[in-house]
Amino acid sequence: MIFFTIGTLGWVWAISTSLNDKLPLDSKLNIKVFRILFLIPIIYILLLTLGLDYILNEGDGNGGLFGVIIILHLFSMFCIFYGLRFAAKTMKSVELGRNAKFGDYAGEFFLMWFSFIGYWVLQPRLNKLIK
């Protein structure tokens, strides 16, 4: 599961960073904010995986730790959705040559969200955009 998650997040990262230079000039996508917010779930998932053994087997059972995990998990989910939106908007803005609106890139967003289908549909288009 970790390999799939990191692979998918890496794919979204690669889309966003490699196509960022090809964005139209009027685009207001901030790659620095994306990088910061998208690193959070990657680090969180790795730390949670490494610390899961301690949490489940040796935790003190007071529930405070689980409250922190729930908050971090919800924030991590927000960051993942932000990253998916950023990558989809970047891809569609490069294709259209203008700043895309959500209606323009909603399909790409959902294909990235359900990446097991999105890989097959989006990757050929991404290959053409990168060339």
Side-chain angles (χ1 to χ4, degrees):
M1 185 175 109
I2 295 224
F3 292 119
F4 175 76
T5 303
I6 297 300
T8 301
L9 295 178
W11 182 62
V12 172
W13 179 279
I15 292 168
S16 300
T17 56
S18 63
L19 291 179
N20 189 54
D21 294 337
K22 298 180 181 201
L23 280 170
L25 296 175
D26 66 337
S27 180
K28 297 177 183 171
L29 293 172
N30 189 343
I31 191 73
K32 291 177 186 177
V33 173
F34 164 78
R35 286 180 177 160
I36 291 168
L37 288 179
F38 208 64
L39 277 175
I40 291 170
I42 293 170
I43 294 168
Y44 170 71
I45 290 169
L46 290 174
L47 290 178
L48 184 65
T49 304
L50 295 174
L52 202 56
D53 181 52
Y54 172 77
I55 293 168
L56 294 176
N57 296 324
E58 299 176 26
D60 57 1
N62 65 6
L65 185 59
F66 286 108
V68 170
I69 289 173
I70 288 171
I71 292 169
L72 288 174
H73 195 78
L74 291 173
F75 183 63
S76 178
M77 288 171 50
F78 164 78
C79 292
I80 290 171
F81 283 120
Y82 176 83
L84 293 174
R85 183 198 68 84
F86 188 92
K89 187 172 184 175
T90 300
M91 180 181 171
K92 198 60 171 185
S93 294
V94 170
E95 280 184 338
L96 296 175
R98 63 174 171 80
N99 198 17
K101 297 180 179 161
F102 186 74
D104 297 328
Y105 63 87
E108 286 80 3
F109 172 80
F110 287 107
L111 283 170
M112 287 181 193
W113 186 359
F114 300 102
S115 56
F116 50 90
I117 298 169
Y119 293 140
W120 304 105
V121 175
L122 296 177
Q123 193 59 48
R125 289 173 43 200
L126 289 165
N127 292 342
K128 289 179 185 176
L129 290 175
I130 292 173
K131 285 183 182 179

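Sequence positions, counted from 1, serve as the residue numbers for this chain. In this text, all values refer to a predicted model and were calculated from it rather than measured experimentally.
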Applying a strict under-4.5 Å side-chain criterion to I, L, V, M, F, W and Y, I'd like to know whether [X] and [Y] cluster together.
X     : Y      : answer
Ile36 : Leu29  : no
Leu74 : Ile40  : no
Leu96 : Val121 : no
Leu72 : Met77  : no
Leu23 : Leu129 : yes

State, with a plain yes or no, whether a side-chain heavy atom of [X] is found less than 4.5 Å away from one of [Y].
X     : Y      : result
Ile31 : Thr90  : no
Ile15 : Leu122 : no
Phe81 : Phe78  : no
Asn99 : Lys89  : yes
Glu95 : Asp104 : no

Between [atom1] on residue [X] and [atom2] on residue [Y], distance to nearest 0.5 Å:
X      : Y      : atom1 : atom2 : answer
Glu108 : Lys92  : CD    : NZ    : 4.5 Å
Arg85  : Tyr105 : CZ    : OH    : 4.5 Å
Ile43  : Leu46  : CD1   : CG    : 8.0 Å

Residue pair [X] / [Y]: nearest heavy atoms and the distance that separates them:
X     : Y      : result
Gly83 : Val12  : O-CG1, 3.6 Å
Leu37 : Cys79  : O-CB, 3.1 Å
Lys22 : Lys131 : NZ-O, 3.9 Å
Lys32 : Asn30  : N-OD1, 3.1 Å
Ile80 : Leu9   : CG1-CD2, 4.3 Å
Ser76 : Pro41  : OG-CB, 3.1 Å

Margin query: Are Phe38 and Phe34 an aromatic pair, judged by ring center distance below 6.0 Å?
Written below: yes

Note to self: Within the supplied structure, the quantity of interest is the number of heavy atoms (other residues, nucleotides, ligands) at a distance under 6.0 Å from Phe114 CZ; does it exceed 12?
What the structure shows: yes

Check: Are side-chain N/O atoms of Thr8 and Tyr119 paired as donor and acceptor at under 3.5 Å?
Finding: yes

Next item on the list: Report the C-alpha distance between Val33 and Tyr82 in whole Å, list the side-chain angles of each, state the deciding distance to 0.1 Å, and finish with yes or no for side-chain contact (heavy atoms from CB on, under 4.5 Å).
Entry: CA-CA 10 Å; Val33 173; Tyr82 176 83; 3.7 Å; yes

